[in-house]
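Down below is the structure, laid out as C-alpha cells.
Note that the structure is predicted; figures quoted are calculated from it, not measured.
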Amino acid sequence: MNESDRKILHIALPAIVTNITVPLLGLVDTAIVGHMGEAAYMAAIAVGSMIFNLVYWVFGFLRMGTSGLTAQAWGRHDVGEVRRLLWRSVLVALATTLLLWLLQEPLCQLMLWLIGPTAEVRPLAVDYYRIVVWGAPAVLGLYSLSGWFIGMQNTRLPMMVSILQNVANILVSLVLVYGLHMKVEGVALGTVIAQYAGLATGVLLLFRYYGRLRLLRVQFPKMHELVPFLRVNRDIFLRTLSLVAVNLYFTSVGARQGAAILAVNALLMQLYLLFSYVMDGFAFAGEALGGRYWGASNVAAYRQVVRRLFGWGALVTCLFTVVYVVGGMPFLRLLTDEPQVVEAAREYVWWAWLVPVAGVTAFVWDGLFIGTTQTRAMLWSACLAAFVFFVAVALLLPLMGNHGLWLAMLLYLLTRGVVQTVYYSLTSYLSPLTSIN
C-alpha cells in the first residue's frame, strides 16, 4: 500500500461510515411509528421522508460544488479563498432555505400530487412536512459544512456529526413519542431537533479544528467572484435533476407492473444503494485529493490518484459482486418474508449482481470530476445517459417486461461511465489540469 492508497483510505473510510448512517434518520422515524398501532402513521412518515429525500437530493450541489472548489484552493494554499468559499456556500444555503420556506405550500402540494398518498395518509403526511420543513437551514447548512470539510481533506468531522445526529434523533423521538405521547408530530419534531443538533456540532467542530484560519473574517463576495461558484452549482443542480428523473421514472414504471414487482425493485435497489454508499466514499476521496492536486497543478500526483481510485474501485466491485451472488437472496429474505415477493425476487436478483460492474466507473469519475470542477462534462454525461435510459425503457419494456427496465438502468450507469472516460481521454492530452468548463 503506497502513500496515495493511505490518503485515499483516510478520506474514504469515514465517508463510507457517514454514508451508511445517513439513511438511518428516516429508518429510525419509520421504526418508531411502526409500533404505534396504525399503518397510516407509518405510511405518513414514509411519504414525508420521501418528499424531503427528493428535495434535499436536488440541493446536494451545496456539498458537491463546495468540496471541489475548496480542495483546489487548499491545494494552491490560498487560505483567503478557502475562507471565502465557506461563506459563499453558507450564503447560497441561506438563500435556498428562504426559497424553500416561501414555496413550502406549493412544493408540498406538488410532491403529494406526484406521490399520491391515500386520503387517510395525506393529512398526517402534511403535518409531518409542515414541521420538518423548518429544519431546512440545518440540513442545507450542513451540506455546505460537509462539502467544505471534504475539500479540506477531512471526512472524520462529517462522520462525527452524522453519528451524533442519529443518536439525538433516536433519543429525542423516543422521548416525544413514548414519553410525551406525541404521534407523527413527535417524530417530526425529533427529526428537526436532531438536524439542528447536527448543525450546532458541525459549527463547533469547524471552529475547534479550523479556528486558526480566522473564519470570522467575513468578506462578502462581489458578483463576479460568485460566477464560477454559481456556474458549478448550476451544472450539478441540473445533473441532479436528471438523476432524479431517472430514479422517479424507474419507480413509476415498476409500480405500473403491480405491487409484487414494485416491492422487488425496491428490495433490489437496496443492493444498489449499499454499493453506492461504499463507492461514494471513494468518490469523496476523488473530490478531495483530485481537487487538491488539480489546484496545486501537480500532474503526477493527480494521475496517481486516478489510477489508485480505479484500482480500489475494481477491488470493491469484485468483492460486492461475489457477495451479491452468494448472499443476495439471503439478504433479501432478511428484508421481507412475503412469499410472493421473495419468489419474484429470485427471478430478478441477478440484475443486482451486475450493478457494481455497470456503476463503478461512473462513481469514480463523478468524484474526480467534482473535485476538478469539470461539472459541465458531468452534466452532459448524465443527460446523455438519461436519454439512453428513457429510449431503452420504451424499446425494451414491451419486449422484456421488468427485465427490460433493469437492463435500461444498467445501460444508464454504463453510459455515464463511458462518456466520462471518453471525455477524460480526449482532454487529458492537452493537460490533465485543464478545465474545459
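- The closest donor-acceptor contact from the side chain of Ser173 to the backbone of Gly190 lies at 3.5 Å or more, if one exists at all.
- Relative ring orientation between Phe389 and Phe250 is described as tilted, the plane-to-plane angle lying within the 30° to 60° band.
- The minimum heavy-atom distance between Thr240 and Val58, with the atom names listed, is CG2-CA, 3.7 Å.
- Aromatic ring pairs are classed by plane angle as parallel below 30°, tilted from 30° to 60° and perpendicular above 60°; the pair Phe237 and Phe61 is perpendicular.
- A distance-only check finds a donor-acceptor pair linking the side chain of Tyr324 to the backbone of Leu271 [under 3.5 Å].
- Side-chain atoms of Trp406 and Asn265 form a donor-acceptor pair, as typed in the model, at a separation below 3.5 Å.
- Judged by distance alone, with hydrogens and angles left aside, the side-chain atoms of Ser297 form no donor-acceptor pair with the main-chain N or O of Tyr293 at under 3.5 Å.
- With 3.5 Å as the limit, one finds a donor-acceptor pair spanning the side chains of Asp366 and Gln420.
- Salt bridge Arg292/Glu287: absent, no basic N to carboxylate O contact under 4.0 Å.
- Ser381 contributes a side-chain N or O that, together with a main-chain N or O of Met378, makes up a donor-acceptor pair within less than 3.5 Å.
- A tilted orientation is assigned to the rings of Trp134 and Trp101, their planes being inclined by 30° to 60°.
- Not a single donor-acceptor pair under 3.5 Å links the side chain of Asp280 to the backbone N or O of Ala283.
- Not one N or O on the side chain of Gln165 forms a donor-acceptor pair closer than 3.5 Å with the backbone of Ser162.
- Between the side chains of Asn154 and Tyr210, at least one donor N or O sits under 3.5 Å from an acceptor N or O.
- Note on Glu3 versus Arg308: no salt bridge recorded, every NZ/NE/NH1/NH2 to OD/OE distance being 4.0 Å or above.
- Tested against Ser67 for a side chain to side chain contact (heavy atoms under 4.5 Å, CB included), the candidates Leu85, Leu62, Ile150 yield a single pass: Ile150.
- Of the possible donor and acceptor atoms, none in the side chain of Thr66 sits under 3.5 Å from a partner among the backbone N and O of Ser89.
- Under the 30°/60° scheme for interplanar angles, the aromatic rings of Trp365 and Phe369 are found to be tilted.
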